[in-house]
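Following: one structure in structure tokens, then a few remarks.
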Amino acid sequence: MNAAPAPAPLRVGNASGFYGDRFDALREMLTGGPLDVLTGDYLAELTMLILGRSRLKDPQKGYATTFLRQLEEGLGLAHERGVKIVANAGGLNPAGLADAVRQVADKTGVPVTVAHVEGDSLPVPDGFLTANAYLGGSGIAACLRAGADVVVTGRVTDAALVTGPAAAHFGWGPDDLDALAGAVVAGHVLECGTQATGGNHAFFGEHDPARLRRPGFPLAEIHADGSSVITKHDGTGGVVDLSTVTAQLLYETGGARYAGPDVTARLDTVRLTPDGPDRVRIDGVRGEAPPPTLKAGLTRLGGWRNEVVFVLTGLDIEAKAALVKDQFADALKRGGARPPAEVRWELSRTDHADADTEERASALLRLVVRDQDADAVGRTVSGAAIELALGSYPGFHVTAPPGKGAPYGVFEARSVPAAEVEHLAVLPDGTRKAIQPPARTQELSGVEDPPPPDPYPSATPARRAPLGLIAGARSGDKGGDANVGVWVRDDDAWRWLAHELSVERFRELLPETAGLTVVRQVLPNLRALNFTVHGLLGEGVAAQARFDPQAKALGEWLRSRWLPIPVALLEGIDAPEATV
């Protein structure tokens with residue numbers, strides 16, 4: 001007997017990487033080429049805080065309203081083309097969004113069925129605004145199996161938007177760990193939209209700028225074994241190659257075990273191979289049983305902050321900065337106010353000697369204050385700054401008038417037993433189906449680093465040059481931690497990087513990480529190293545305690561640092577001359 005033909009690949013696209021992403025992307029993805037499922041990721045750690053404050057003003061809200069406006073046009077297009085829509089835009093109120101989607105369907109006359117996933121909402125501890133567990137894709141799969149055309153969720157993992165549709169399409173169960181892990185990896189590549197198609201990419205300069213002007217959103221052709229091909233619609237902008245996919249694979253990850261509610265994917269088993277123009281194949285991904293706990297995210301208002309940026313122009317920049325800092329402290333003292341609990345000054349030497357414009361001749365002195373008391377960072381601070389206007393350094397001015405201060409938020413991650421979280425699929429007919437947690441679980445543990453490659457010959461000539469001439473990097477945030485993934489594109493460079501970029505060298509190149517715990521993970525299949533810097537971001541992005549609160553440019557700072565690089569690795573690269 002002939003074997004049954006393999007199921008057709010499932011084409012899953014992405015139309016949103018965050019709340020505020022390109023509005024036209026949903027329509028572009030529906031009209032740009034064939035799709036089976038279109039996903040949208042609207043939630044981030046900061047988004048839950050924003051939605052929580054929105055819900056305080058209107059208990060009927062708490063979801064991403066942009067998604068509804070996109071559906072006013074996109075719902076009919078999806079129905080015409082037979083495309084299912086799966087989005088986590090439900091935020092804190094997935095049931096409310098599902099009802100709103102039905103209203104859009106009635107208004108536009110589109111006969112679609114709508115389902116939603118809930119249960120991620122947890123009891124909110126005193127002092128917090130939101131508390132949500134990260135659910136997996138099983139609830140989404142149940143909704144799709146019941147015939148839903150649109151599925152909206154609350155807080156699920158980003159990858160669940162892909163694992164759910166794939167499990168429903170291929171009939172995977174909880175024991176199909178390798179297939180689920182492959183879908184998790186594909187979902188991780190898709191989740192940030194155009195970051196997989198050339199956006200925010202270290203080697204953007206190697207491509208025609210016209211191609212990067214408006215990158216198309218990515219899609220994955222997922223196969224029954226969990227392997228996939230990452231690509232984009234024909235004729236759209238952007239680039240899909242080994243480097244863009246590698247960059248997104250490394251984004252906001254930690255160790256080789258990438259844990260989720262459905263499966264733990266082993267990132268150290270991922271294989272990438274070219275599969276034609278703008279096509280990269282992902283296979284070889286191994287899966288393990290998920291941990292018995294779920295990640296939970298809690299947000300709260302952390303206090304109040306204010307900011308003033310002083311402009312220092314021309315000569316004596318350091319002396320001008322010292323003067324205004326001393327005057328500001330004295331003004332606070334004379335005003336009888338206690339200083340804010342946290343006062344941070346940062347001098348950015350953006351000035352150039354003998355500059356041809358005033359802006360290029362200027363440096364920026366940034367003052368950030370934070371306190372639990374709004375009054376301590378409000379008029380007390382703004383008044384102390386402004387009263388200096390006519391009695392401070394020559395050329396005194398600020399980038400914007402000081403305000404009265406604003407609240408800032410804090411995100412905290414905790415673990416909760418999966419068995420204690422009620423995961424519910426609310427099917428199109430209203431049936432509430434409880435989703436059971438996986439029967440098989442495995443406590444999460446680290447992975448021992450594989451043997452390093454043979455070192456690059458030590459006797460080879462070297463010259464000082466920026467690391468980024470041969471290495472790419474992408475960085476991001478997870479709460480108060482930052483991660484930096486670094487990769488190279490050939491085996492010789494990998495032999496050098498794996499031995500050269502140790503934790504000690506990393507700390508030397510990025511002095512802000514000194515004194516913090518830095519963990520290095522080796523991923524030979526990707527010719528990559530992943531560094532997790534614990535505590536660099538303080539209380540996280542919502543607190544805005546750092547100049548780059550999401551560590552988006554931390555990797556680019558690393559790439560800009562100079563170190564001795566073998567001359568042979570720089571062959572054919574236009575390398576700047578070393579400076580003293």
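Between Met48 and Leu43, some side-chain heavy-atom pair lies under the 4.5 Å cut-off. Between Val519 and Thr517, the closest side-chain pair of non-hydrogen atoms falls below 4.5 Å. Two residues are said to be in side-chain contact when any heavy atoms from C-beta on lie closer than 4.5 Å; Val110 and Leu71 fail this criterion. Looking at heavy atoms from C-beta onward, Val117 lies in side-chain contact with Cys143 at the 4.5 angstrom threshold. Between Pro549 and Leu537, every side-chain heavy-atom pair lies at or beyond the 4.5 Å cut-off. Residues Asp158 and His188 have side chains not in contact (no heavy-atom distance under 4.5 Å, counting atoms from C-beta outward). Residues Leu554 and Leu510 form a side-chain contact, since some pair of their non-hydrogen atoms from C-beta on lies under 4.5 Å apart. Side chains of Val484 and Leu558 form a contact here, defined as non-hydrogen atoms less than 4.5 Å apart.
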Practice item. For Leu444 and Thr264, run side-chain contact (heavy atoms from CB on, under 4.5 Å): C-alpha distance rounded to whole Å, both residues' side-chain angles, the deciding distance at 0.1 Å, then the answer. Key: CA-CA 9 Å; Leu444 198 62; Thr264 294; 4.2 Å; yes
Practice item. For side-chain contact (heavy atoms from CB on, under 4.5 Å), just list the numbers for His423 and Gln436, CA-CA rounded to whole Å, side-chain angles, deciding distance to a tenth of an Å, and then say yes or no. Key: CA-CA 7 Å; His423 185 173; Gln436 299 303 315; over 6 Å; no
Review point. Can you list the steps and then say if Arg344 with Glu307 is a salt bridge (charged side-chain N to carboxylate O under 4.0 Å, His left out)?
Key: CA-CA 10 Å; Arg344 295 183 56 167; Glu307 178 175 327; over 6 Å; no
Exercise for review: Using the side-chain contact (heavy atoms from CB on, under 4.5 Å) rule, take Asp41 and Cys192 through it: C-alpha gap first, then chi angles, then the decisive distance, then the call.
Suggested key: CA-CA 8 Å; Asp41 181 8; Cys192 287; 5.8 Å; no
Exercise for review: Please assess Lys478 against Asp481 for the test salt bridge (charged side-chain N to carboxylate O under 4.0 Å, His left out), listing each intermediate value before the final yes or no.
Suggested key: CA-CA 5 Å; Lys478 281 296 182 186; Asp481 301 338; over 6 Å; no
Practice item. In sequence, state the C-alpha distance, the side-chain angles, and the governing distance for Tyr408 and Arg370, and then conclude on side-chain contact (heavy atoms from CB on, under 4.5 Å). Key: CA-CA 9 Å; Tyr408 70 87; Arg370 301 200 302 171; 3.4 Å; yes
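Scanning all heavy atoms of the two residues, the minimum distance from Leu144 to Pro165 falls at CD1-CA, 3.5 Å. The shortest non-hydrogen separation linking Pro261 to Pro438 is O-CG, 3.5 Å. For the pair Val381 and Pro340, the tightest heavy-atom approach, listed with the atom from each and the gap, is CG2-CG, 3.9 Å. Of all non-hydrogen atoms in Val12 and Leu35, the two that sit nearest each other are C-CD2, 4.2 Å. Between Ala363 and Ser348 the shortest heavy-atom distance is CB-O, 3.4 Å. Here the closest non-hydrogen pair linking Glu556 and Ala202 is OE2-CB, 4.0 Å.
A salt bridge is absent between Asp548 and Lys552; no separation between the charged side-chain nitrogens and carboxylate oxygens falls under 4.0 Å. Taking 4.0 Å as the cut-off between side-chain N and carboxylate O, Asp330 and Lys333 do not count as a salt-bridged pair. A salt bridge is absent between Glu342 and Arg305: the closest approach of a Lys/Arg side-chain nitrogen to an acidic carboxylate oxygen does not fall below 4.0 angstrom.
For the side chain to side chain contact (heavy atoms under 4.5 Å, CB included) with Thr130, the qualifying choice from Arg53, Arg55, Arg155, Arg300 is Arg55, the only one to do so.
In this structure, Gln248 CD and Thr253 OG1 are separated by 9.5 Å, a value rounded to the nearest 0.5 Å. Atom CG of Asn132 and atom CG of Leu92 lie 5.5 Å apart (nearest 0.5 Å). From Asp36, atom CG reaches atom CD1 of Ile222 across 10.0 Å, with rounding to the nearest 0.5 Å. Atom OG1 of Thr163 and atom CD1 of Ile140 lie 6.5 Å apart (nearest 0.5 Å). To the nearest 0.5 Å, atom CG of residue Leu298 and atom CG of residue Leu122 are 7.5 Å apart. The structure places OG1 of Thr431 at 12.0 Å from CG of Leu424, a figure rounded to the nearest 0.5 Å.
A donor-acceptor contact shorter than 3.5 Å is absent between the side chain of His201 and the backbone of Gln195. Using a distance-only test at 3.5 Å, with no hydrogens or angles considered, a donor-acceptor pair links the side chain of Thr244 to the main chain of Ala196. For the pair Thr197 (side chain) and Gly216 (backbone), a donor-acceptor distance under 3.5 Å is present. At least one donor-acceptor pair closer than 3.5 Å links the side chain of Ser475 to the backbone N or O of Ala551. Judged purely by atom type and a 3.5 angstrom limit, Thr153 has no side-chain atom pairing as donor or acceptor with the backbone of Val156. Side-chain atoms of Lys232 come within 3.5 Å of backbone N or O of Thr236 as a donor-acceptor pair. Proximity of a side-chain donor or acceptor of Asn93 to a complementary backbone N or O of Lys61 within less than 3.5 Å is detected. Ser16 places no side-chain N or O within donor-acceptor distance of the main-chain N or O of Gly40, the cut-off being under 3.5 Å. In this structure, Thr380 contributes its side chain and Ala376 its backbone to no donor-acceptor pair below 3.5 Å. Without hydrogens or angle criteria, Glu45 side chain to Gly479 main chain gives a donor-acceptor distance under 3.5 Å.
Contacts of Phe328 classified as ring-ring contact (aromatic ring centres under 6.0 Å, His included), with partners at least two apart in sequence or in another chain: Trp345. By the ring-ring contact (aromatic ring centres under 6.0 Å, His included) test, His116 pairs with no residue at all, sequence neighbours left out. Considering only residues two or more places apart in sequence or on other chains, Asp375 meets the salt bridge (Lys or Arg N to Asp or Glu O under 4.0 Å) condition with none of them. Taking the ring-ring contact (aromatic ring centres under 6.0 Å, His included) definition, one finds that Tyr251 meets it with nothing, sequence neighbours left out.
Between the side chains of Glu252 and Asn483, no donor N or O sits under 3.5 Å from an acceptor N or O.
Each side chain to side chain donor-acceptor pair (under 3.5 Å) pair with one or both residues in residues 62-86, not counting sequence neighbours, appears once here: Tyr19-Thr65, Tyr42-Gln70, Lys84-Asp149. Evaluation of the salt bridge (Lys or Arg N to Asp or Glu O under 4.0 Å) test over residues 415-435, restricted to residues two or more places apart or in two chains, returns Glu118-Arg432.
For Arg414 and Phe128, the positive end sits near the middle of the six-membered ring, less than 6.0 Å away and at most 45° from its axis. With Phe310 as the aromatic partner, Arg366 does not meet the cation-pi criteria of under 6.0 angstrom to the ring centre and within 45 degrees of the ring axis.
Atom CZ of Arg379 has 12 or fewer neighbouring heavy atoms from other residues, nucleotides or ligands inside a 6.0 Å radius.
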